[in-house]
Each structure stands twice: as structure tokens, then as C-alpha cells.
Amino acid sequence: MNKFFSVKDITDLNTLVKEAIALKKAPLQNQHLGKGKTIGLVFLNSSLRTRLSTQKAAQNLGLHTIILNANQEAWTWEFEDGAIMNGNTIEHVKDAANVLSQYCDIIGIRCFAGLTNKEEDVSEKVYSLFEKYAKVPLVSLESATLHPFQSLADCITIAEHLPINKKPKVVLSWAPHIKPIPHAVGNSFAQWMQKADYDFVITHPEGYELDPQFTGGVTIEYNQEKALENADFVYVKNWSSFKNYGKLIPVEEDWLLTNEKLKGSNNAKIMHCLPVRRNVEISDEVLDSENALVYQQANNRTYAAQIVLQKILENHE
Amino acid sequence: MNKFFSVKDITDLNTLVKEAIALKKAPLQNQHLGKGKTIGLVFLNSSLRTRLSTQKAAQNLGLHTIILNANQEAWTWEFEDGAIMNGNTIEHVKDAANVLSQYCDIIGIRCFAGLTNKEEDVSEKVYSLFEKYAKVPLVSLESATLHPFQSLADCITIAEHLPINKKPKVVLSWAPHIKPIPHAVGNSFAQWMQKADYDFVITHPEGYELDPQFTGGVTIEYNQEKALENADFVYVKNWSSFKNYGKLIPVEEDWLLTNEKLKGSNNAKIMHCLPVRRNVEISDEVLDSENALVYQQANNRTYAAQIVLQKILENHE
Amino acid sequence: MNKFFSVKDITDLNTLVKEAIALKKAPLQNQHLGKGKTIGLVFLNSSLRTRLSTQKAAQNLGLHTIILNANQEAWTWEFEDGAIMNGNTIEHVKDAANVLSQYCDIIGIRCFAGLTNKEEDVSEKVYSLFEKYAKVPLVSLESATLHPFQSLADCITIAEHLPINKKPKVVLSWAPHIKPIPHAVGNSFAQWMQKADYDFVITHPEGYELDPQFTGGVTIEYNQEKALENADFVYVKNWSSFKNYGKLIPVEEDWLLTNEKLKGSNNAKIMHCLPVRRNVEISDEVLDSENALVYQQANNRTYAAQIVLQKILENHE
């Protein structure tokens with residue numbers, strides 16, 4: 001493996017998940033791979049799970065980690081090629097990416113969607129420019145449209161809780177929120193669920209359709225109750241409108257996930273990437289029940305990152 | 001040891017202090033204890049000594065350290081159970097504590113008193129909630145009411161400078177400040193001095209009594225000059241009013257500690273946890289004299305943290 | 001070596017550069033030197049290259065690194081001796097430097113010129129005070145007047161690209177900028193070029209003369225075109241006026257470096273410390289050409305820092 005931006009960068013998901021699970025029993029066995037090497041983790045946005053789990057994965061692999069909170073600690077970046085830089089931006093992403101490549105053997109970058117310019121977000125302008133100019137393997141810590149480490153961790157978590165002798169039904173259920181949120185987690189989960197070949201359904205209010213490039217062949221069910229019927233896993237997540245880009249469209253029904261709504265499910269396991277707005281996206285009773293897998297997902301972020309970083313390091317030994 | 005919140009978490013202070021002092025001669029002897037393990041240091045407030053000394057202690061023990069400036073780098077926390085999170089808070093402390101426990105073998109957290117809600121501060125609302133939900137040993141990097149690593153470092157420092165053949169007289173002397181400051185250092189020092197069984201006196205203007213749950217049996221002397229008579233150690237520290245919670249009560253006399261005021265002392269050693277407002281709390285002449293132990297206290301923060309972390313690691317081997 | 005503030009702290013530049021270049025082939029060979037030791041990197045200003053390259057150098061030497069973004073993470077510093085600290089400053093630099101020395105075996109500090117008080121900047125008030133009170137070797141990560149790690153990296157980069165059988169002509173060429181910028185890089189480069197004994201010329205508009213204490217014997221050529229004739233290396237950098245301290249003086253000609261301007265040069269290599277304002281200081285065509293050495297300079301920051309830290313560690317074994 002030489003980069004990690006989306007599900008397209010992996011070949012055999014099933015094997016990858018099994019390898020990640022195997023790491024849990026011997027997380028320090030590949031410390032030699034990272035010896036004398038450095039991963040740079042660049043954050044253009046806030047982070048808790050990604051910040052900690054990727055550091056932890058790097059430590060397990062013997063890699064040194066350098067964290068850069070780019071905007072607060074370094075210089076504001078320019079993203080326009082050919083810009084006459086006489087404004088507020090201080091360093092061109094071209095130069096930043098090249099320079100970071102001088103010090104790091106692998107770079108991870110987090111660059112959320114801005115939600116103001118659909119074309120820029122859909123084209124992954126920031127991530128693509130950084131990747132274009134970086135000289136070392138790049139991994140996404142969540143970009144404008146995708147969050148692959150989260151999705152891999154989600155696949156690991158599902159694999160650890162599969163129903164017996166049955167293809168699981170997995171439902172991605174839109175949730176309310178008080179402000180516009182990017183589509184990356186939803187898009188990404190849809191991609192990986194298709195790769196995993198589960199019985200996969202997305203449910204959301206009309207107008208909240210995700211970008212079809214990620215949800216192409218997936219069943220969309222606008223009736224949440226119907227979608228949740230017989231579900232084995234319910235992945236809850238908010239996102240803003242894609243059509244009416246980055247906007248909140250009023251929704252009449254209450255899409256908050258509660259135990260009441262889960263009655264028709266197959267005693268479904270509940271998933272969320274966190275942070276979660278409690279009692280807005282999911283009720284406390286659901287989140288605090290034994291069926292919630294949210295902390296297992298968080299824990300699996302470490303092993304998702306570790307197996308990917310390991311494969312990149314093995315490829316560059 | 002399984003946690004470190006207050007003096008109540010230790011049994012034999014005298015032995016603990018001796019073990020900490022012994023670490024200075026061989027600080028790296030227990031590097032195996034931390035191998036492959038991680039301590040997470042979570043800061044909800046500013047820090048210099050705590051940030052560096054705890055990192056240093058962790059490094060000495062072979063622990064990896066992950067720093068999280070929670071508010072700037074991650075997400076704003078919600079502290080109300082059952083909250084409908086439709087406001088400015090993004091992640092519930094319940095989830096944050098659980099998630100951090102997925103990546104860390106020990107967590108340290110700094111959460112100062114807000115000084116606006118007495119009940120919340122006295123009940124250690126933030127620390128208690130975090131501890132309730134954390135799944136790994138928790139150590140306090142200063143909470144609303146106590147600062148145990150500071151107090152242990154203070155005990156080490158006093159032990160290294162004890163007068164010969166005499167129980168020392170230790171005075172905690174209130175100092176002026178320009179803004180309301182929490183009570184944690186004062187409360188904590190009072191607790192540990194009682195455990196140490198020294199001749200201990202607190203002096204402050206009327207109205208600045210500390211919470212009696214920490215100063216229960218201690219002599220309060222409102223006359224600073226009288227309190228300082230024959231003192232061997234003078235610990236200077238400001239705090240705001242506890243009765244009139246978090247307020248500055250006007251004080252007529254000048255409580256600034258000067259050489260003049262120390263004339264009746266037994267050539268007293270001067271202590272302060274730092275940062276100190278020079279010439280407001282203590283005069284330059286005192287701070288820059290040979291009797292000042294403030295940098296030794298800062299240095300001992302490393303060994304205070306190291307002996308505690310070592311005992312926690314030994315307990316979880 | 002016991003400190004690193006300016007070119008005056010080194011003896012044999014030629015040998016130092018050769019040793020730095022040799023490190024590239026075996027960067028991890030001196031990991032024993034840093035074992036169990038800690039370098040503290042204190043930033044009062046933003047940093048990308050310095051932050052990463054010094055960490056990388058420290059890692060290569062087996063040193064632990066503690067980063068402190070002093071203003072954001074710790075306490076605002078007071079710089080006046082004898083100050084009655086009843087204002088916005090919380091900790092005196094005297095105490096901060098002493099305390100940091102308790103935890104670190106080497107300290108690096110970045111403290112840019114404020115450009116408002118010429119006397120304070122010229123006297124290196126902040127750096128000098130920190131150095132006065134620090135108890136361990138101090139290295140500059142750029143101070144008010146100098147940037148020695150950058151200059152050493154620049155010397156390494158030039159040495160790697162020397163013309164054959166010829167003393168190179170090196171030109172420091174002032175560039176436009178939209179706001180007042182400190183003189184440290186220009187001053188420092190002038191110092192090191194004199195030590196290197198190259199054919200060295202500075203070109204800038206009238207009124208932009210650097211402090212003569214650093215450029216004493218250097219040829220100043222106000223005509224940029226003439227200065228660039230037969231240049232082998234052109235180092236581009238903006239700085240504000242020194243005479244009219246910290247101000248932008250209007251300049252009629254366009255000092256932007258373009259290919260057109262380089263026509264009379266000896267196919268000159270182009271250097272800049274970065275970050276660079278593209279198409280304001282240097283045109284894209286120049287920066288993106290094969291003659292640009294800016295990323296090599298960035299890379300050499302690691303080895304400049306590493307050879308200096310190595311010598312300091314060797315001196316304290």
C-alpha cells in the first residue's frame with residue numbers, strides 16, 4: 001500500500017479486517033518497521049479520536065510522531081495555483097507539502113469540507129493539492145468527502161459482532177443536528193459497506209441524499225421505521241444537504257434514534273463515529289445500552305490505522 | 001496505587017517522599033514499567049510545570065505521552081447528564097473519558113475551578129464525572145479543589161531541607177493578587193502538611209478562610225507577623241474568598257511577603273508553586289535570595305509524578 | 001559547543017558543514033548521545049520548518065522532545081526586571097527559564113523581533129534574558145536579529161551545489177512584501193556568508209540597509225540587475241526598514257525576482273528560507289524551476305540542527 005484515501009486503496013477488505021483484529025493480541029510485534037522513521041500528523045481541523053488513535057498506532061509501530069496544528073502553530077496556507085500572495089495566506093500548500101515531505105516518511109492530513117463551495121469540496125481540492133505536492137505516502141485523517149480510517153474501524157467493529165450464519169443487515173440512519181455537518185463519514189461508510197457486501201440500506205429525509213458517486217447502487221429508504229426493520233447494525237450520523245449544498249433543510253419527523261424506533265430491529269447494535277450530540281442524534285438510553293458499539297469503534301481506530309501504516313511501511317522497507 | 005486525586009490516595013507519606021528522592025539518583029531505572037504503554041495528559045487549562053514535569057516523569061518511566069489541549073485541539077465538552085446537546089457543547093465528558101480510555105493506560109487531567117459555581121467546584125463536578133467514566137487509572141494535574149502532585153513535590157522539597165533535630169514550623173501565608181484565583185494549592189498543601197505532622201499554621205486576612213474540609217484541625221492566625229515568628233518554611237500563595245465564593249475581598253494591610261516581614265522567622269525557606277506575581281505576592285529580594293526553594297519545588301514535580309506513576313504501573317503489571 | 005546563538009559560536013564552518021553533510025548517510029548513528037535526555041522547544045511565534053526539523057534532529061539523536069507553545073499553552077511572560085506584576089503578565093521570564101531548565105538538558109527558543117522597539121530588538125532583550133536565567137545550553141530557533149540554524153542549513157545547501165573551480169558569487173536580494181518582516185534571516189545570512197568567505201553582495205532599495213553590525217564589510221549594490229550579474233546563488237528575502245525601524249518604505253521599482261531578472265546570472269541557484277509569498281517575493285516560474293533549492297534548504301535544517309545538538313551533547317557527556 002502506498003496511500004490511503006478511500007476504499008479503492010485496498011484490495012481484500014476481509015483479509016485486512018482479519019489482520020487488524022490479529023494486531024490486538026500483539027500490537028507491538030512490528031516495532032522494527034517504524035524504527036528511525038517519522039509520521040507527521042497535520043490537522044487543519046479539530047480531532048480527538050483521530051489524533052490519539054493514529055499516534056497510538058504509530059507508537060505501536062515504533063514510529064516517531066510529529067503533530068502539526070497547521071493553522072495555530074504554523075502558517076495559513078494558500079490553495080490557489082498561481083496566486084499572487086499579497087493577502088492573508090502566508091505559505092502555499094505546494095511548499096508546505098514539499099517541506100513536510102523532507103521530515104516525514106508518512107504524512108497524515110485532516111482537511112474537512114468547508115461546506116461553502118460544493119465544487120471545491122467534491123473535487124477534494126485541499127487533499128488533492130497536498131497529495132500532488134507531497135513526496136511521501138499520504139493517509140487521510142478525514143478529507144472533504146471521505147473518512148477511510150473511520151470506515152475501516154467500523155468494518156472491524158462489525159466483523160467482531162457479526163450475527164451467526166446470516167448476512168447482516170446494516171442501516172445508515174441520518175440523524176438531526178443543529179448545524180451543517182460534512183458528508184465524509186456517511187459517504188465513506190457507504191463505500192465500505194458496498195465493498196463488504198452486506199445487506200446495506202441508507203435512510204434519511206428527502207433532500208438529504210448523499211453524493212451518488214458514493215452511494216450509487218445502494219437502496220435508499222425514506223421511511224426510517226421501515227429501514228430499521230430487522231436491522232442488525234444501525235449506524236447513526238448526521239450530514240447536511242448535498243443538493244442544497246451545506247444547508248439544513250427543515251425536517252418534520254423526529255429522526256432522533258430511540259429504543260422505541262429500534263423495536264422492529266433485530267436487537268440491533270448501534271454505531272456512531274463520535275462525537276455524538278446526545279439526545280439530538282441518539283438518545284442516552286440507546287447510547288448507554290449494551291448494544292452501543294461506539295467505544296469499540298473508537299478503540300478499533302487504533303488498529304485500523306496500525307494495519308494501514310504497517311502495510312505502507314512494509315512497502316517502503 | 002490505582003488513582004491519585006488527594007493525600008487520601010497514599011498511605012505512608014514519609015516512605016513515598018524517600019522513594020521519590022531516591023529516584024533522583026537513578027531516574028531511568030524503571031523504564032521497563034512503561035514499555036508499550038501510554039499516558040494521556042488532558043489540559044482544560046494552561047500549564048507549564050505540570051505539562052513538562054509529567055511528560056518528563058513519563059519519559060523516565062518509558063511511557064509514551066499523548067498531550068491533548070482539549071478545548072483547542074478537540075471538542076468542547078458537555079458535563080450535564082441527560083443534556084439535550086443542542087447548544088455549544090459537542091462531546092459529552094462521558095464519551096470523551098470512555099474514548100480516551102481506549103488509547104491510554106493512565107490519564108492525567110487538569111480542570112481548574114471555574115470560581116462561578118461554588119457547589120460545582122466543591123463537588124469536583126468535572127473531575128468526578130471524568131473519573132466516573134474513565135476506564136483506566138486517573139491522576140489529577142490539579143482539579144477544582146486540590147493539586148496533589150504539587151503538594152507531594154512540596155513535601156519532597158521540605159524533606160530535603162529539614163532543620164536538624166526539630167519539628168519544622170511551616171506557615172502557609174496568603175498573598176495578594178489582582179484577580180480571583182482557585183483554592184486548590186492552598187487546600188492541598190493544608191491536607192498534606194497535616195499528613196506530614198509538622199507544626200503547621202495558616203495565615204490570611206479575615207474572610208479568606210479556606211474550605212474547612214481541608215483545613216479542619218489547622219491553626220489559623222490572622223496576624224501575618226505573628227504567624228511568621230520562628231517559621232522554618234513559608235509557603236506563599238494567593239486564593240480568592242471561599243465564603244464570598246470566588247471574590248476578591250478588599251484587604252487593608254499589605255500581605256506582600258518581604259524580607260522585612262521575615263525578620264522574626266527562623267531564617268525561613270520560601271516556597272511558592274509558581275507562576276508567581278513578583279512584587280505582588282512576594283518581593284524580588286525574597287524570591288531571588290538563597291532561601292527561596294521555588295525552583296527546587298519545580299524540579300521535584302518530576303519526581304513526585306514519577307513515583308506516583310511508577311506505583312500505578314507496578315499495580316497494573 | 002555550549003550554546004548556539006550566532007556564527008560566533010562556531011569555529012570552523014567548513015568542517016561543520018562537512019560533518020552535517022556526513023550525517024545524511026547515517027543519521028541515527030549517535031542515538032546514544034541523547035538517551036534519557038530532553039530538549040525543550042519553546043515557541044513564542046509560529047513555526048513549521050524549525051518546529052519539525054529540530055524535532056527530527058532530536059529524534060535522530062535519541063533525545064526526547066518537549067514542545068511548548070508558550071503563550072497558548074502556558075502563561076504570558078514578563079520581561080521587565082523588578083516589575084510589579086499587577087498587569088497581564090503572569091510569569092517572569094526569569095522564573096520560566098529557571099523552571100524549564102529543571103526539565104530540559106537543552107532548550108531551544110524562538111522569539112521574533114517585535115519591530116516596535118528598535119532598542120529592545122537590537123539588544124535581543126527577550127533572548128538575552130532567557131539565556132541569562134537558563135541553566136542549560138540554549139539554542140536559538142530564531143531570535144530578534146538572527147536565525148543561525150537557517151544560515152547553517154543555507155551554508156550546507158550552498159556547499160552541496162558549489163560551482164567547480166570557482167569561488168561562488170552569492171547575492172542576497174531584497175524582495176517585496178505586504179507587511180513588515182524582521183531582519184533576522186538577512187542579518188544572519190550576511191554573517192555566515194562572510195564567515196564562508198564567498199564573493200558576497202547584498203542588493204536592496206535605498207532605505208533598506210540592514211544593521212551594519214551584521215553587514216559591516218559587505219558590498220551593497222542598490223541596482224538589483226547589476227548585483228545579479230554572474231551570480232551563482234541568489235538568496236531572496238524581504239525585510240522591513242532598519243533605519244525607519246520596522247516600517248515599509250515605498251519602493252518604485254519591482255523587486256520581485258523573475259527569470260527575466262536572472263538572465264545575467266550564472267544560471268543561478270535560487271534560495272529562500274520559506275515561507276515565501278509566491279509572485280510577490282519570487283515568481284512561480286523561478287520557484288518551480290530546477291534551479292530552486294528551497295526544499296533542499298528545508299531538508300538541511302534537520303542536519304544543521306542535528307550537528308549542533310550533537311556537539312552540545314558531546315560537550316556534556
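Just so it is clear: chains get the letters A, B, ... in the order the sequence lines come, proteins before strands, and each one is counted from 1. Since the structure is predicted, the reported quantities are computational estimates derived from the model, not experimental observations.
Heavy atoms from other residues, nucleotides or ligands lying under 6.0 Å from NZ of A/K24 number more than 12. The number of heavy atoms from other shown groups lying within 6.0 Å of CG (A/N315) is above 12. Residue-environment remark: CD (A/E119) stays at or below the threshold of 12 foreign heavy atoms within 6.0 Å. Taking a 6.0 Å sphere around CG of C/D254, one finds it holds more than 12 heavy atoms contributed by other residues, nucleotides or ligands.
Atoms CG and CD, from C/N279 and A/E78 in turn, are 10.0 Å apart once rounded to the nearest 0.5 Å. A/I67 CD1 to C/R51 CZ: the interatomic distance, rounded to the nearest 0.5 Å, is 11.5 Å. In this structure, A/M85 CE and C/I282 CD1 are separated by 11.5 Å, a value rounded to the nearest 0.5 Å.
In this structure the side chain of A/T38 reaches within 4.5 angstrom of the side chain of C/Q59, judged on heavy atoms. Looking at A/E73 and C/N69, their side chains come closer than 4.5 Å, going by heavy atoms from C-beta outward.
Contact annotation for A/K135: neither backbone nor side-chain heavy atoms come within less than 4.5 Å of a heavy atom of chain C. With a 4.5 angstrom heavy-atom cutoff, A/T89 touches chain C only via backbone atoms. Contact annotation for A/T65: only backbone heavy atoms (N, CA, C, O) come within less than 4.5 Å of a heavy atom of chain C. Only the side chain of A/L68 comes within contact range of chain C, with heavy atoms under 4.5 Å apart.
A salt bridge links A/D105 with C/K56; the closest basic N to acidic carboxylate O contact falls under 4.0 Å.
Across all non-hydrogen atoms, the minimal contact from A/Y103 to C/A298 is OH-O, 2.6 Å. A/W75 and C/L48 get closest at one heavy-atom pair: NE1-N, 3.9 Å. When all heavy atoms of A/G82 and C/D284 are compared, the closest pair comes out as CA-OD2, 3.1 Å. Scanning both residues, C/Q72 and A/Q72, for their nearest heavy atoms gives NE2-O, 3.9 Å.
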**OP:** List the steps, then state whether side-chain contact (heavy atoms from CB on, under 4.5 Å) holds for A/E91 with C/L274.
**Re:** CA-CA 8 Å; A/E91 177 143 43; C/L274 305 182; 4.1 Å; yes
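With C/R278 as the fixed residue, the side chain to side chain contact (heavy atoms under 4.5 Å, CB included) test singles out one of A/N86, A/D95, A/D81: A/D95.
When the candidates A/I90, A/I66, A/L100 are compared by the number of heavy-atom contacts under 4.5 Å with chain C, A/I66 comes out ahead. Interface summary for chain A: among C/D288, C/L256, C/T50, C/L287, the most heavy-atom pairs under 4.5 angstrom belong to C/D288. Interface summary for chain A: among C/V280, C/L28, C/L52, C/V276, the most heavy-atom pairs under 4.5 angstrom belong to C/L52.
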